[in-house]
Amino acid sequence: MKRNKVLIVGGVAGGASAAARLRRLDEAAEIIMFEKGGYISFANCGLPYYIGGEIKDKTSLYLQTPEGFALRFNIDVRVFSEVIEIRRDIKSVVVRDMRSGETYSETYDKLVLSPGAEPVRPPIDGIKNSDKIFTLRNIPDALRIKEYIDSADIHDAVIVGGGYIGVEMAENLCLAGLNVTVVEMQDQVIAPLDFDMAAEVSRYIEENGVKLMLKTSVVSVMEKEGKLNITTDRGLIIADIIILAVGVRPETEIAKKAGLETGINGALVTDEHMCTSDPDIYAAGDAVEIREYVSGRRAVIPLAGPANKQGRTIADNICGIDSRYEGSQASSVLKVFDMTVAATGINEKTAKRLGFDYDKVFTYSPDHATYYPGAANMSVKTIFDKKTGKILGAQIVGFNGSDKRCDIMATAIRFGATASDLAKLDLCYAPPYSSAKDPVNMAGYVIENILFDKVKNFHWHDIEKLVNDKNVILLDTRTKAEYDHGHIEGFINIPLDKLRSELEKLDKNKPVYVTCQIGLRGYIACRILIQNGFDCYNLSGGYRLYKSIFGTLSENKERINRIQVKETDRVFQGKGICADVSLDLCGSVCPEPVIRFNKVFRQAKKGDMIKIFVTDPAFAGDIEKLCLRTGNRLIEKTCKNGIYELYIEKTKKN
């Protein structure tokens, strides 16, 4: 019986997983793997963390050495070997030895392509002329960046691009002690998120010391007196190092020359078996075009999880197992300092572009029971089909447990779950880990209320038109203290607990648009109003979402700094501040944080230092506004794992 000969071009996730699975299925197969670099299986997702110092030992990035892989799986591993041509007519490839320069041919029965993707170098004048400009794709790239940071006298870094790699590099260069600026052409970071969810991420990035320049383009780069002069359409930036992180493109040039069918951005078109247009050639990883699971559209999704599954699918099919890759949901998670950003399924931008009949809800839920210490809210956006209630996508921004909830959403989407299914999920509960009504259950409940006509929603982007409409009533149902701290212009205030007694103030001939802090009290208000004959709508996500989108951290910082430079009797260095009063508001649900803070603030004496722990970022923003309005001093504000620590000096009498 003839041995099956399989050539694999490229390692890492797709190629290495195909090779290992092939050997497990067929001990007799002849398997040869070509890799033009020196590493066949490495943790490319861990590269930024090595640069930042979180991963100390570079060898930790080597998932498998060529020698170890060859020994364990009996595979002929040829590193520094570049496949430069595919000859489909005679089923062979041409290989160049990168060290000697010599070329040779190798025949195949089946060929697996896993060439990956290369970083895009945008056509910016001057970027090819400096050794201070880097991209990050592999271990040699990471080593060069790390060596430059450690050996050169550098202080300022610019990252061009605010995607996954750009944000991860921003965090890790900060950890390495650099001043970091991120320049992004779009109006948001993290393109898979929608703008409304990315706004909270942007704010947190800035709170951790990174300067964000959104809607900004780099025009040119020039090296002058040892520095990089970066000209943008918003001015000049001086830096010591640039990291280009504007995206990747499939590295498929030899496949194109061989006549294989390509699609989006030059990616190889594959079927559900991961077979290309040639029945003897398969492809996996960042270089392939596959089916997006929710929409069915063709897409390029360069993520490690899908690449591993695709490699396994290829090996199965080569060995006669009818294995099918049914598509990717693009499930992803990102660490942004202490914050977790996760997404799965399609976002609203995609749903709108593809014509889905969809709606969305924004919910805020604590990661665990609020009476157990350290509870922090997570922001959840769920996109669903308006007719069936089927879940189409989810985005979660939070801290502990956010990845877990997104994984549940990803599982729900994979099995075609509806909002009612989310509501019925029987999930693990104990106070340190969750609440009896898990955040995933809560998303299901809120969507069910819409589908069952218990409430009608409106959204933050509807407000601009509503505030100029004299034929509607805009109603804020928070407490007066919350309303005074900040509200949406045009909204009148009737606290929820007074609503029943003040219904006569509202005109039943006008629809009522209600808001509260996060949407819960607004829903209760709508139920009261609807059953009293009003046409009512609830603002999904409430004032917190609105403020997250339209609040500007840089402006707040500027105004706060003007207060902090005033003369004072007490001098602080930002460390070792002694508090006269301590207030723990972690896990508190609105309006409790505002009520408790106001009580403590009134009782404090002039000159007292008030230390506050709070998990609500909107409340932390309200504290800043309070300082601005009253002339008191915000001394310090830090955040770790979703818990804000605030120090406020009371500089005025009541």
Side-chain angles (χ1 to χ4, degrees), residues 197 200 333 338-344 360-382 384 389 391 394-413 417-450 454-455 478 482 496 516-524 527 538 540-545 548 584-596 613-620 639-644:
M197 296 298 284
E200 188 167 342
V333 65
D338 297 319
M339 177 178 273
T340 298
V341 180
T344 186
K360 71 229 178 186
V361 295
F362 299 88
T363 51
Y364 297 94
S365 301
D367 62 340
H368 61 255
T370 55
Y371 58 81
Y372 187 88
N377 274 342
M378 61 181 70
S379 309
V380 182
K381 179 177 183 177
T382 311
F384 63 96
I391 306 303
Q395 300 162 45
I396 303 180
V397 175
F399 298 90
N400 293 333
S402 297
D403 55 335
K404 164 186 168 181
R405 274 43 179 246
C406 198
D407 282 340
I408 296 171
M409 289 290 200
T411 305
I413 290 170
T418 65
S420 294
D421 294 321
L422 295 187
K424 294 172 184 174
L425 285 177
D426 193 358
L427 302 174
C428 299
Y429 162 62
Y433 300 104
S434 184
S435 298
K437 293 180 180 178
D438 189 85
V440 174
N441 296 136
M442 288 302 299
Y445 295 145
V446 172
I447 296 171
E448 272 191 332
N449 286 333
I450 296 171
K454 300 302 180 186
V455 70
R478 297 176 300 156
E482 291 175 283
L496 174 62
C516 64
Q517 186 67 14
I518 61 173
L520 176 58
R521 282 173 287 170
Y523 165 65
I524 297 171
R527 292 303 303 151
N538 185 33
S540 185
Y543 177 72
R544 173 176 169 174
L545 176 65
S548 173
D584 187 350
L585 298 174
C586 291
S588 294
V589 179
C590 288
E592 184 183 357
V594 174
I595 294 172
R596 290 177 59 192
F613 295 100
V614 64
T615 50
D616 184 354
F619 179 77
C639 184
K640 186 173 180 62
N641 290 324
I643 301 176
Y644 288 85

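Scope of the values below: all heavy atoms of this structure, side chains included, with no hydrogens, waters or symmetry mates. Bear in mind the structure is a predicted one, so any value in this text is a computation, not a measurement.
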Can Phe384 and Val361 be said to form a side chain to side chain contact (heavy atoms under 4.5 Å, CB included), step by step?
-> CA-CA 8 Å; Phe384 63 96; Val361 295; 3.9 Å; yes
Minimum-distance pair of heavy atoms, taken over all atoms of [X] and [Y]:
X	Y	value
Asn441	Ala436	OD1-O, 4.3 Å
Phe399	Asn377	CD1-O, 4.4 Å
Pro366	Pro439	O-CG, 3.7 Å

Please check if the side chain of [X] supplies one atom and the backbone of [Y] the other of a donor-acceptor pair under 3.5 Å.
X	Y	value
Asn449	Lys454	no
Asp421	Thr418	yes
Asp367	Met378	no
Ser548	Arg544	no
His368	Pro431	no

Could you measure the distance from the [atom1] atom of [X] to the [atom2] atom of [Y]? Nearest 0.5 Å is fine.
X	Y	atom1	atom2	result
Ser434	Leu427	OG	CG	7.0 Å
Ser365	Leu520	OG	CG	9.5 Å
Ile450	Asn538	CD1	CG	8.5 Å
Ile396	Asp403	CD1	CG	9.0 Å
Tyr371	Ser435	OH	OG	8.0 Å
Cys406	Ile413	SG	CD1	7.5 Å

Test log, rule side chain to side chain donor-acceptor pair (under 3.5 Å), inputs Thr340 and Arg405 | CA-CA 11 Å; Thr340 298; Arg405 274 43 179 246; over 6 Å; no
Given side chains that start at C-beta, do those of [X] and [Y] come closer than 4.5 Å, heavy atoms only?
X	Y	result
Leu422	Glu448	no
Asp438	Leu425	no
Val333	Val341	no
Asp338	Ile643	no
Ser540	Lys360	no
Val446	Tyr523	no

Look at atom OH of Tyr433 and say whether more than 12 heavy atoms of other residues, nucleotides or ligands are closer to it than 6.0 Å.
-> no
Using a strict 4.0 Å threshold on nitrogen-to-oxygen distance, state whether Lys381 and Glu200 make a salt bridge.
-> no
Steps toward side chain to side chain contact (heavy atoms under 4.5 Å, CB included) verdict (Met442, Tyr364) | CA-CA 9 Å; Met442 288 302 299; Tyr364 297 94; over 6 Å; no
